[in-house]
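Below: one structure, written as structure tokens.
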2 protein chains.
Amino acid sequence: MSPAQEQAARTLLETASLRRTRPRLLVLQSLLQASYPVTQEQIAEQLGDKSPNKVTIYRTLEALCTAGVVHKAFLQDRTWHFEPAHNCSEHQCHPHFTCIACGQTTCLMDMQVPAVKSTHNGYTIHRQRMQLEGLCPNCSC
Amino acid sequence: MSPAQEQAARTLLETASLRRTRPRLLVLQSLLQASYPVTQEQIAEQLGDKSPNKVTIYRTLEALCTAGVVHKAFLQDRTWHFEPAHNCSEHQCHPHFTCIACGQTTCLMDMQVPAVKSTHNGYTIHRQRMQLEGLCPNCSC
DNA sequence: AGTCTATTCGCAACTTAGTTGCAAATAAAA
DNA sequence: TTTTATTTGCAACTAAGTTGCGAATAGACT
Ligand SMILES: [Mn+2]
Ligand SMILES: [Mn+2]
Ligand SMILES: [Zn+2]
Ligand SMILES: [Zn+2]
């Protein structure tokens, strides 16, 4: 973990008005250095010996989500995958692509998805999530 | 359950090359008469005394999904919601809207969502799911 | 109609992501 | 340094979905 990321984690906690605790700094750094959304288990694995307790990771993720610093990106195999919210706008997150062959999920930051109107027949739309399935470049062969 | 729906259920089973058993007919009829995606538990509840065993409902839904007659519409609260596939195209399902106030989910059959291209930077896209969150007409007040 | 067999069903036991209650530890304010 | 509200870790729990296996049955064949 780079010093820059450690600093970023501290700043995010301050932004969120959350106490600067060891578990929170570790979880945030783990999220920041990942290049795709990760699960509680992946975070724990990545942190190894230093990892906080499972319950603490979940509670930290929940607090960060409530503060808007982290998003629940998608639910896959009944498991939530989390990512920093810094690349998403308020209403529209980038699409996520899951390969049905290798299981790998990718953030399609460069794909243009037209945002739906914020209202539709009386519905007020706060958030839009796009989930794509198919074959990744590797598995398309 | 109308006789028409009973007939529709029989036809769908035939289409899917699945044996016409009591549990399968019941599950299919329950799906057909629902106006939104439903869970295993909702199906069991709706069928009441006549409901097949929980495991049988899951296995039936799985078989119907494999046959393409039913779709897993979305995962909510770690629970799959199923619906007949008859209103979806091969690649694009209609968007689903969940109200964050009352929890109700609606199929937005009339919303135009531009289908993403079937390829993107080497990714081959087979299926696209759009999930919307916000306030339903009732709760927008 | 009766027989046969591959398929399907029901039950009990299991798996696992996520949650809850509570006592011990600690961040940060005083 | 002291104090206290907040946070953490542990153990036990919850609940959707799965698995193994013996019993039941759809549908083919006589
Ligand atoms: Mn992403
Ligand atoms: Mn639908
Ligand atoms: Zn792949
Ligand atoms: Zn509502």
So do the side chains of Tyr123(B) and Thr106(A) get within less than 4.5 Å of each other, counting heavy atoms only?
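Tyr123(B) reaches Thr106(A) side chain to side chain.
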Non-neighbouring partners of Glu133(B) that pass side chain to side chain donor-acceptor pair (under 3.5 Å), sequence neighbours left out:
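Side chain to side chain donor-acceptor pair (under 3.5 Å) check on Glu133(B) returns Arg129(A).
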Listed partners of Gln131(B) passing side chain to side chain donor-acceptor pair (under 3.5 Å), at least two apart
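Checked Gln131(B) against side chain to side chain donor-acceptor pair (under 3.5 Å); matches are Thr98(B).
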List the protein contact pattern of nucleotides 12-21 of chain C with one symbol per nucleotide (5' to 3'): B for base contact, S for sugar-phosphate-only contact, - for none; contact means a heavy-atom distance under 4.0 Å.
B----BBBBB
Give the other cluster members for Leu135(B), using side-chain heavy-atom distances under 4.5 Å between Ile, Leu, Val, Met, Phe, Trp and Tyr residues; answer none if it is isolated.
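Reading the cluster by chain and number, Leu135(B) sits alongside Ile100(B).
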Length of the [atom1]-[atom2] vector between [X] and [N], whole Å:
| X | N | atom1 | atom2 | result |
| --- | --- | --- | --- | --- |
| Leu47(A) | dT8(D) | CG | P | 14 Å |
| Leu13(B) | dT7(C) | CG | P | 17 Å |
| Ile43(B) | dG17(D) | CD1 | C1' | 14 Å |

Counting only heavy atoms not in Gln7(B), do more than 12 fall under 6.0 Å of its CD?
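Buried by this count: over 12 neighbours within 6.0 Å.
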Is there a side chain to side chain contact (heavy atoms under 4.5 Å, CB included) between Ile43(A) and Thr39(A) once you walk through the steps?
CA-CA 6 Å; Ile43(A) 293 171; Thr39(A) 65; over 6 Å; no
Which ones in residues 14-24 of chain B lie close to DNA chain C, meaning a heavy atom under 4.0 Å from one of its atoms?
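Residues of residues 14-24 of chain B that come under 4.0 Å of DNA chain C are, in numerical order, Arg19(B), Thr21(B), Pro23(B), Arg24(B).
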Note: Arg10(B)-Glu6(B) ion pair, threshold 4.0 Å (strictly below):
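Salt bridge between Arg10(B) and Glu6(B), a charged N being under 4.0 Å from a carboxylate O: yes.
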Partners passing ring-ring contact (aromatic ring centres under 6.0 Å, His included) against Tyr58(B) (at least two apart in sequence or in another chain):
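In terms of ring-ring contact (aromatic ring centres under 6.0 Å, His included), with neighbours along the sequence ignored, Tyr58(B) is linked to no residue.
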